[in-house]
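First the structure, in the form of structure tokens, and then the observations on it.
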Amino acid sequence: MDKTDNPTEVQVEEQAEGQTKESKMALSRRGFLGAGAVATAAGAIPMTAAMFTASAKAQAKEAASSPAVHPGELDEYYGFWSGGQSGEVRILGIPSMRELMRIPVFNVDSATGWGITNESKRIRGDGDHFLTGDSHHPHMSMQDGHYDGKYVFINDKANSRVARIRCDVMKTDKIITIPNVQAVHGLRVQKVPYTKYVICNGEFEIPLNNDGKASLEDVSTYRSIFSVVDAEKMEVAFQVVVDGNLDNTDADYDGKYFASTCYNSEMGMTLGEMVSSERDHVVVFNLARCEAAVKAGKFKNYNGNNVPVLDGRKGSKLTRYIPVPKSPHGINTSPGGEYFAINGKLSPTVSLIAIDKLDDLFADKIKPRETIVAEPELGLGPLHTAFDNKGNAYTTLFLDSQIAKWNVKDAVAAYKGEKVNYMRQKLDVHYQPGHNHTTMGETRDADGKWLVVLCKFSKDRFLPVGPLRPENDQLIDISGDEMKLVHDGPAFAEPHDCIMVHRSKIKTKKIWDRDDAMFAETVAMAKRDGVTLESDNKVIRDGNKVRVYMTSVAPMYGLSEFKVTEGNEVTVVVTNLDTIEDVTHGFCMTNHGVQMEIGPQATSSMTFIANKPGVQWYYCNWFCHALHMEMRGRMLVKAK
Ligand code: CUK
Ligand code: CUA
């Protein structure tokens with residue numbers, strides 16, 4: 001590498017000589033991960049002097065424009081953030097980056113009683129016993145490539161689940177476990193004609209029948225499987241066995257193809273084996289052919305369930321395999337529907353697959369690599385790419401801790417051999433970015449206003465809080481020619497991915513409908529007990545079971561006392577009769593480890609064993625009224 005033209009991390013430090021001590025320190029901290037990584041990456045990228053100047057200039061302009069949303073003003077976008085290992089989804093306001101709400105999904109939540117209430121336990125279904133989750137990819141349902149404001153779907157990598165969030169109430173309404181796979185990672189929705197399907201990748205390779213009879217040595221039956229989930233029914237419609245494993249996925253804007261990245265085409269079981277070959281691939285799924293194969297009965301079943309599993313391995317009509325440089329990660333469809341952008345991870349490149357060449361590929365008229373129409377070199381560790389509405393792409397460079405802004409058309413021209421510079425700007429981010437996302441950028445409505453970059457490390461950007469640091473979600477203004485960093489947002493573990501949806505797309509309810517499906521089963525139970533939830537306060541005794549029905553109107557419960565016997569299984573059903581927006585009540589039974597939220601006009605219930613003899617106060621734990629402290633009552637647990 002020519003030293004004068006291509007400053008390495010060390011040289012960058014030298015050039016920083018005239019700068020303040022602090023910014024020099026920042027630069028050397030940046031080098032911390034980058035240096036070691038250069039050795040393992042496929043090759044270093046020449047960074048021109050012009051690029052460096054652009055990046056320094058951009059840094060000097062940090063905080064030049066403001067994302068201020070003044071008191072009383074509302075944000076323009078809803079952000080849906082994955083909560084990573086916390087298992088939840090968070091709603092942020094963009095551009096303020098204020099956290100507005102948390103939606104418990106795969107976690108158990110003390111505040112709302114998610115995982116504690118009977119209503120949430122029904123939704124959590126067969127995975128209710130899991131206390132944990134690892135959510136990665138939140139994506140909203142679409143109509144003809146536009147967000148429809150109906151649902152947000154998200155995966156749980158840890159327990160191979162997919163959840164659906166209802167956007168009218170911002171609560172999870174369905175969670176399913178995907179059979180036959182392990183570690184559901186990449187998740188997206190069908191964009192066109194509408195979100196009939198949610199697509200998701202089984203990342204880890206497991207025996208086709210994973211019944212405990214397979215060995216660790218013979219891995220010949222190990223497979224990864226692509227799952228296609230019916231979005232309305234929340235059932236797996238069909239699955240496709242592939243060669244190699246599956247990482248991230250996306251859909252086209254024609255309703256024809258899905259594509260997934262594979263970083264372990266070797267089917268290695270150790271890190272060394274997984275990165276041994278110079279190329280991996282993208283697998284493209286032909287939806288029409290898959291649906292026809294299911295109809296024609298050309299599937300098998302595994303693990304004793306009825307899910308149709310198609311064989312999409314190499315040579316199959318259902319799939320095509322496009323070789324790309326080793327260990328690709330993110331895949332992002334350009335909002336015009338022209339390209340799948342495949343992010344190189346161990347390669348400094350992004351490979352663009354021309355979607356309009358896929359018909360020819362499936363007709364065997366062209367070779368797989370002929371679908372690649374650009375492979376710009378961007379920098380070290382490209383993980384994910386986002387798009388604006390002006391033909392530019394923004395790629396996170398994990399190892400370089402930068403965002404590369406590049407022009408798609410110019411990258412295509414350069415691949416054809418034209419002498420054009422596709423690189424527009426490199427901006428330092430802090431630090432080690434994974435996903436990034438533009439406002440509306442995964443739909444036809446990409447508007448090129450804001451870019452959020454989810455940095456895995458925050459290091460020195462916030463007050464130190466011990467060895468465990470927050471992530472750093474950075475907001476970048478992309479409305480002008482230059483990217484401008486405008487906000488650092490600390491976040492708890494661990495936003496992998498996010499989407500930003502214009503507020504005009506979402507209509508939420510202010511209070512619950514009494515006939516909402518969320519508590520329909522509880523309403524049915526009350527009916528069987530002859531209880532009218534909207535008016536009755538009753539205790540029903542049914543052998544060892546006690547069902548306590550009460551209303552709540554600020555600041556009183558309909559029942560101020562009830563009696564049970566030690567060992568009784570007690571179900572408390574609270575119906576919040578308040579009709580005023582934001583008057584949420586809680587119900588906490590002391591010394592029993594249970595509490596829940598009851599929104600206005602909602603019914604919530606929970607069941608526990610009364611195992612603590614004596615007087616036990618229950619109280620409202622959501623502040624609702626000046627006399628909120630007085631909103632309480634007594635349960636007497638008579639000793640057996
Ligand atoms: S993955 Cu986390 S940085 Cu789960 Cu989308 Cu790429
Ligand atoms: Cu009801 Cu606080």
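We count ligands from 1, going down the list as the structure has it; atoms in each ligand are counted the same way.
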(message) Looking only at side-chain N and O atoms, does T117 offer a donor or acceptor that is under 3.5 Å from a partner on S120?
(response) yes

(message) Give the atom numbers and elements of ligand 1 that come within less than 4.0 Å of a heavy atom of H329.
(response) 1 (S), 3 (S), 6 (Cu)

(message) Under 4.0 Å from a heavy atom of K456: which atoms of ligand 1 are those, numbered in the order shown and with their elements?
(response) 2 (Cu), 3 (S)

(request) Check which protein N, O or S atoms are less than 2.8 Å from atom 4 (Cu) of ligand 1 and report how many there are. (result) 2

(request) Compute whether any side-chain donor of one residue and acceptor of the other, for E266 and S277, lie under 3.5 angstrom apart. (result) yes

(message) Checking Y618 against F562 for the ring-ring contact (aromatic ring centres under 6.0 Å, His included) test, could you report, in this order, the C-alpha distance in whole Å, the side-chain angles of both residues, the deciding distance, and whether it holds?
(response) CA-CA 11 Å; Y618 49 90; F562 63 88; 5.5 Å; yes

(message) No waters, cut-off 2.8 Å: how many protein N, O or S atoms are close to atom 2 (Cu) of ligand 2?
(response) 4

(request) Identify, with sequence neighbours excluded, every residue that meets salt bridge (Lys or Arg N to Asp or Glu O under 4.0 Å) alongside D488. (result) R461

(request) Quick one: look up the protein heavy atom nearest atom 3 (S) of ligand 1 and list residue, atom name and how far away it is. (result) H384 NE2, 3.6 Å

Taking only distance into account, with no hydrogens and no angle test, what donor-acceptor pairs under 3.5 Å do side-chain atoms of residues 582-589 form with protein atoms, sequence neighbours excluded?
unit_1: H585; atom_1: NE2; unit_2: A554; atom_2: N; d: 3.3
unit_1: H585; atom_1: NE2; unit_2: D578; atom_2: OD2; d: 2.7

(message) Ring-plane angle category for H137 and H435, please: parallel below 30°, perpendicular beyond 60°, tilted otherwise.
(response) perpendicular

(message) What verdict does the side-chain contact (heavy atoms from CB on, under 4.5 Å) test give for L187 and I154, after you've listed the backbone C-alpha separation in whole Å, the side-chain angles of each residue and the deciding distance to 0.1 Å?
(response) CA-CA 7 Å; L187 175 146; I154 188 148; 5.8 Å; no

(message) Check whether Y151 forms a cation-pi arrangement with R164 (NZ or CZ under 6.0 Å from the six-membered ring centre, at most 45° off the ring normal).
(response) yes

(request) Could you point out which residue of Q432, H329, K456 forms a side chain to side chain contact (heavy atoms under 4.5 Å, CB included) with L383? (result) H329

(request) Measure from NZ or CZ of K326 to the centre of the six-membered ring of Y263 and say whether it is under 6.0 Å with the direction within 45° of the ring axis. (result) no

(message) Distance check, rounded to the nearest 0.5 Å: Q239 atom CD versus R223 atom CZ?
(response) 14.0 Å

